[in-house]
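In what follows, a single structure is set out as structure tokens and then discussed.
What you see is a predicted model, and the numbers here were worked out from it, not measured in a lab.
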There are 2 protein chains.
Amino acid sequence: MEPLVDAGQDRPATLADVAAASGVAISTASRALSNPNRVRAATREKIEEAARELNYVVNSQARALTSGKTRTIAVMVSDVTNPFYFDIIRGTQQQLKAAGYTQLLVDTEESDELEDSMMHKLRRSFDGAILAASRLTDRNLAALASEMPLVAINRQTSGVPSVFIDTPSGIEQALGHLVSLGHRDIVYVSGPETSWPNEGRWRSLVRAAERHGVTARRVGPFSPKKVAGAAAADAVLNSGATACIAFNDLLAIGMLMRLRERGVNVPGDLSIVGCDDIFGADFCNPPLTTLTAPIEQAGRVAVSILLARLDDPTISGARQTATLPTHLTVRSSTGPAPIRK
Amino acid sequence: MEPLVDAGQDRPATLADVAAASGVAISTASRALSNPNRVRAATREKIEEAARELNYVVNSQARALTSGKTRTIAVMVSDVTNPFYFDIIRGTQQQLKAAGYTQLLVDTEESDELEDSMMHKLRRSFDGAILAASRLTDRNLAALASEMPLVAINRQTSGVPSVFIDTPSGIEQALGHLVSLGHRDIVYVSGPETSWPNEGRWRSLVRAAERHGVTARRVGPFSPKKVAGAAAADAVLNSGATACIAFNDLLAIGMLMRLRERGVNVPGDLSIVGCDDIFGADFCNPPLTTLTAPIEQAGRVAVSILLARLDDPTISGARQTATLPTHLTVRSSTGPAPIRK
DNA sequence: AATTTTTCTGCAACCGTTTGCCAAAAATTG
DNA sequence: CAATTTTTGGCAAACGGTTGCAGAAAAATT
């Protein structure tokens, strides 16, 4: 009975084995496989045949050594657990695979130090990196960007190419929506202070509130997790506001759960707007009104920018930045302001 | 003004640079950094100093070339989008980082061919792999396992070490729960036919149903996605059953959404049990009764088994398999069977 | 102080590819 | 058919580390 796979081979076949099997020099074998028309068709076929026979696969480490290219891209997220990143990862994964790259997923656990050290430890292992929600300081980020090709998502720092999801503009829409429902006192449920988008959202809210002549306050900061929603909900209730905009959906969903527990009616007593439209925002109870962000697209665009830069390093002069629009998706967590005395 | 980081270096420092800077031979530098007490303390410090100075980081490709070890583990999932895998990924990520390994995430898009070809293409790039929900045939899987260290999750194939989440046993509990609520006619909402756990769940349901003297039927197969829930819901409704157990929570949540749309009361008219207890199962509407699986733990255990095997290849004789128990988490999607004429 | 033992350090080969350079072979041309 | 151009294929040197071996230096022993 025949073995299923190249059994007998105790170790994987190398280029040398292929060359020997087809009676040519290693260099010829190398060219035949990677630079097909540098070699006569007959020879090439013979070599390809032998390679197939021996179940040969190039050793990418060895190739990386000479070429300096690993064809691997690191994707750094601050928390693999957060559904927001799922969509990013999906987007990058797709686009990277299409381009023949491999994705190295790294979780930085919301720590700037870990992020920095990981980038350094691994920098020889990838050709470029995508930083989704970097916790790095502007200074460090810029320094890093000057050392290696990278693209930041949701982070605008001079000198660093990025993909920006324009949630701040969306916030204005969200505020308009709330104001039109009669809300006059709106609270922003703040995310982590080290989060770059957090500030932008808050500032945008303040500006929009001024324009509409309503009050905007903030509570927090809260960790962007479902469990933090409980504290957030209590804080908002405490503030007496009739509506709130949460830093992200995860937090908003956590609030929803807590409010249900406390018997507070959403949106009857309190309206809630989330940000991002992550997995779950459509089926929570009540379904969440939120700023829909093209998250997956952001991942794809980030990859495109990065790969374009890798292919042609000269464009590094033109500081690439893409801005992706968001839009308000109205579901059932927002409604008319309650009548007060 | 001083540059922030090793500016001036156009290319990253190599071991040769470090050796030169500290006036020793390359080999000494190598030993000083990787095998500390093979070198006099004074020398070592001098070298470490130089390395720090030059911001030296070993090139892992080069190291991999001689050692044959990449210190990278591939984690293959059939769909990064599926929240079930999020938790797996979180578990593996954690455990791998703790052990100083890097995680290579690969999405096989539910395709056995892609899975197979990816494993082959990348096999020289990792030391081992974790296959979460492999779509491979037993034959292929076993062949692969004999070529390289790997651990399968939720897949029992002779010769392949694995971590098995014992959902089938849980199914019995779930059925008991439904029967005690008065249900006599139960439908299994089937997942993809190529999914290994799918069969086990169905078989377990059949057995349990026999024991309880109730009818078990099945509808499907359906894709394990939220969107497929609509068709699944309609099929179940059509069957006239009063309760169903869905292949997984994603499908169950999709059904919930569809049923709400159609004005069917859950659990009043139909009880639903999911499997896995993924992100979202607790906050959907109504919250889902489900078989809670220790998903993250499964990821961690898989890594432990894999690393143990890497450290000591001799244990490959003892075919390691871990079984993780599940338990029924009763929430609000199940209730008493409706009274029928 | 001479000798033995131990600890360091350097030389050089190797890991598996790629690639510049040159010679041999084939194809083209007059 | 000889001369010339174009292909093709081989040699050997990188790429950046690791490691067995052996000589040198330092420490310990006599």
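- Arg124(B) comes within 4.0 angstrom of the backbone, heavy atoms only, and of no base.
- OP1 or OP2 of dG16(C) has not a single side-chain nitrogen or oxygen of Ser30(A) nearer than 4.0 Å.
- The existence of a salt bridge linking Asp138(A) and Arg155(A) is confirmed by a sub-4.0 Å separation between a basic side-chain nitrogen and an acidic carboxylate oxygen.
- Residue-to-nucleotide proximity on DNA chain C shows that, of Ile26(B) and Ile26(A), the 5′-proximal contact is made by Ile26(B).
- Asn35(B) has its CG atom 13 Å from the C1' atom of dT9(C), to the nearest Å.
- The backbone N or O of Ala16(A) sits less than 3.5 Å from a side-chain atom of Thr14(A), completing a donor-acceptor pair.
- Rounded to an integer number of Å, the gap from Leu33(B) CG to dT9(C) P is 13 Å.
- Here Ser27(A) lies in heavy-atom contact (under 4.0 Å) with a base.
- At a cut-off of 3.5 angstrom, counting only N and O atoms as typed in the model, there is a donor on one side and an acceptor on the other between the side-chain of Arg38(B) and the base of dT9(C).
- A side-chain contact (heavy atoms from CB on, under 4.5 Å) with Leu306(B) holds for exactly one of Ile130(B), Leu96(B), Asp127(B); it is Ile130(B).
- For DNA chain D, the contact window with chain A, defined by any atom under 4.0 Å from a protein heavy atom, covers dT8(D) to dG17(D) in 5' to 3' order.
- In this model, no donor atom of one side chain and acceptor atom of the other lie less than 3.5 Å apart for Gln156(A) and Thr321(A).
- The two residues Arg71(A) and Gly100(A) make their nearest non-hydrogen contact at NE-O, 3.5 Å.
- Inter-residue side-chain proximity for Ile89(A) and Ile89(B) is flagged as unmet; no heavy-atom pair is nearer than 4.5 Å.
- To the nearest angstrom, P of dC15(C) lies 18 Å from CG of Asn59(B).
- Judged by closest nucleotide on DNA chain D, Ala29(A) is the one of Ala29(A) and Val57(B) placed further toward the 5' end.
- Nearest heavy-atom pair, Ala298(A) versus Ile165(A), reported as atom, atom and distance to 0.1 Å: CB-CD1, 3.8 Å.
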Going through the distances and angles, do Glu49(A) and Arg52(A) end up as a salt bridge (charged side-chain N to carboxylate O under 4.0 Å, His left out)? CA-CA 5 Å; Glu49(A) 168 64 22; Arg52(A) 218 171 305 118; 3.0 Å; yes
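- Heavy atoms of other residues, nucleotides or ligands lying less than 6.0 angstrom from NZ of Lys121(B) number 12 at most.
- Contacts between residues 62-70 of chain B and DNA chain D, defined by a heavy-atom separation below 4.0 Å, involve Ala62(B), Arg63(B), Leu65(B), Thr66(B), listed by number.
- Nearer the 5' end of DNA chain C, as judged by each residue's closest nucleotide, is the contact made by Arg31(B), out of Arg31(B) and Ala16(A).
- Side-chain N/O atoms of Gln103(B) and Thr92(B) include a donor and acceptor closer than 3.5 Å.
- Relative to the axis of its first five pairs, the axis of the last five pairs of the helix from dA1(C)-dT30(D) to dG30(C)-dC1(D) sits at 30°, rounded to 10 degrees.
- Two residues are said to be in side-chain contact when any heavy atoms from C-beta on lie closer than 4.5 Å; Leu324(B) and Val163(B) meet this criterion.
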